[in-house]
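Basis for what follows: all heavy atoms, side chains included, without hydrogens, waters or symmetry-related copies. Atoms within each ligand, like the ligands themselves, are counted from 1 in listed order.
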Amino acid sequence: MNVLSNLAVRDVETLVHPYTNLAAFRDTGPLVIERGKGIHVYDTEGREYIEGMSGLWCTSLGYGNEELVEAAASQMRKLSFAHLFNGRSHDPAIELAEKLKEIAPVPVSKVFFCNSGSEANDTQMKLVWYMNNGLGRPKKKKIVSRQRAYHGVTIAAASLTGLAANHTDFDLPIAGVVHTGCPHHYRYAADGESEEEFATRLARELEELILREDPDTVAAFIAEPVMGAGGVIVPPAGYFEKIMKVCAKYDLLMIADEVICGFGRLGRMFGSEVVGFRPDTVSVAKALSSAYLPIAAVLVPERMYQALAAESGKIGTFGHGFTYSGHPVAAAVAVKTLEIYARDGIVAKVAAIAPQFQQWLRRLGEHPLVGEARGLGLVGGVEMVADKRTKRAFDPKQGVGARCVAFAQAEGLIVRSLAGDTLSLCPPLVISPPQIDELFERLTRALDRTLDWAKGQGLLVA
Ligand SMILES: Cc1ncc(COP(=O)(O)O)c(C=O)c1O
């Protein structure tokens with residue numbers, strides 16, 4: 001074992017870390033972060049890092065925002081907890097629901113609060129089932145998701161997720177979830193297939209899947225506007241338009257998972273607006289509170305609300321809800337977060353600086369280690385390959401992504417490596433133009449160091 005600090009030793013002896021190779025971790029130990037300010041975080045040794053991933057795609061307003069701290073403190077002093085069960089209510093939840101209805105990308109009737117993206121997507125699935133039972137079509141229950149989608153880790157949400165690591169040995173996905181093709185042009189388009197042709201094929205494959213499953217049994221389609229954890233995958237031109245046509249034909253409810261893309265990430269308030277996706281219902285989380293406290297929501301359309309109301313009237317209650325649904329402190333922080341987005345013109349600011357961010361990404365696409373660098377707004381993915389010409393991926397066991405993350409860390413930059421050795425970038429929305437330059441300069445140095453290392457290991461195709 002390396003020499004680990006006291007805190008690191010205590011960590012290794014006490015925590016089960018999410019998304020970590022638990023066996024290997026005992027040797028490497030944790031990176032312990034102590035504090036944050038703006039777009040930077042600092043470890044226990046006082047080293048500074050640019051938080052290039054906004055934590056987990058969530059700290060949109062950066063760290064140490066005193067207005068958010070104050071919103072939480074004053075709500076805690078006034079009313080630290082109240083719930084929404086049995087018709088009880090409180091001001092922060094009402095105000096937040098009103099604000100969400102105002103800014104939603106589609107007409108919203110009511111808002112259901114929960115605590116995480118996973119809970120929001122689990123709730124979506126339950127609402128679809130409950131609604132269709134209420135509407136007298138009990139067979140119409142299956143949900144179509146996509147390969148490489150990420151919708152969370154609870155049993156239903158993990159089933160919607162289309163990544164092997166979330167299914168293998170967890171005995172998932174559950175019945176009733178089916179996955180259609182992933183709109184990753186670089187990886188899955190046939191030779192010479194244009195974006196438009198690829199999108200047409202994906203829509204055709206979706207229709208074939210629905211027909212195979214029996215349209216009377218297929219209830220909904222769920223999608224992230226830009227896929228995040230699956231590898232930062234930007235849909236090809238015309239994709240959502242074609243997919244929506246197929247779904248409309250078979251009366252599928254459209255669910256947008258805006259957990260990453262919501263609240264300005266792509267340069268509009270919601271990602272759906274950028275990629276031409278018109279959903280019926282929306283899941284939001286993460287940047288809803290700039291991750292100062294956990295809170296998430298499902299934006300419920302009128303048609304669904306009417307069915308829920310009628311069904312609960314029959315049964316006697318709507319039997320769903322979390323203790324912390326609409327927690328007043330989290331809701332007060334979210335209200336303040338939305339106020340700041342509006343007052344400071346955060347979404348317009350993202351739209352203004354996104355071209356600089358995207359230009360840097362395109363430049364990284366020229367790097368000898370990079371097969372494709374892609375993105376939209378202030379999100380990016382840098383896919384590393386062993387052979388640029390043939391797009392051959394590295395063997396996952398070679399750990400190229402993890403190595404690059406370590407080099408980036410040594411350069412003072414936090415990024416993540418996703419499946420397929422794709423580095424993801426998702427900085428706080430408050431990043432400044434000089435800070436964007438600094439982020440990419442650090443990343444370029446990390447890529448250069450990874451290239452040297454990979455050459456030394458003989459991992460690159462000459
Ligand atoms: C698109 C998307 N949906 C859902 C989730 C799950 O959210 P949580 O981790 O809060 O349960 C995530 C998390 O990264 C996400 O990126």
Under 3.5 Å donor-acceptor pairs involving side-chain atoms of residues 169-179, not counting sequence neighbours:
from, atom 1, to, atom 2, distance (Å)
His179, NE2, Ser159, O, 3.1
His179, NE2, Leu160, O, 3.1
His179, NE2, Thr161, O, 3.1

Let me have the donor-acceptor pairs involving side chains of residues 274-295, under 3.5 Å, with sequence neighbours excluded, atom names and distances please.
from, atom 1, to, atom 2, distance (Å)
Asp280, OD2, Met254, N, 2.7
Thr281, OG1, Gln124, OE1, 3.0
Thr281, OG1, Gln124, NE2, 3.0
Thr281, OG1, Leu299, O, 2.9
Ser283, OG, Asn121, OD1, 2.8
Ser283, OG, Gln124, NE2, 3.1
Lys286, NZ, Leu56, O, 3.0
Ser289, OG, Ala291, N, 3.3
Ser289, OG, Leu293, O, 2.6
Ser290, OG, Ser60, N, 3.3
Ser290, OG, Ser60, OG, 3.4
Ser290, OG, Leu61, N, 2.8
Tyr292, OH, Gly62, O, 2.8
Tyr292, OH, Gly64, N, 3.1
Tyr292, OH, Asn65, N, 2.8

Margin query: Whether the His327 and Asn115 side chains hold a donor-acceptor pair (N or O, under 3.5 Å, no angle test) is what I'd like checked.
Written below: no
Notebook entry, point to check: When you check the side-chain N and O atoms of Thr444 and His367, is any donor under 3.5 Å from an acceptor?
Noted result: no
Note to self: Is the distance between the ring centroids of His40 and Tyr49 under 6.0 Å?
What the structure shows: no
Next item on the list: Tell me the residues surrounding ligand 1, counting only those with a heavy atom closer than 4.0 angstrom, sorted by chain and number.
Entry: Ser116, Gly117, Ser118, Asn121, Tyr150, His151, Gly152, Glu224, Asp257, Val259, Ile260, Lys286
Taking distance alone, no hydrogens or angles, what donor-acceptor pairs closer than 3.5 Å link side-chain atoms of residues 235-242 to residues at least two apart or in another chain?
from, atom 1, to, atom 2, distance (Å)
Tyr239, OH, Arg146, NH1, 3.1
Lys242, NZ, Glu196, OE2, 2.9
Lys242, NZ, Thr200, OG1, 3.2

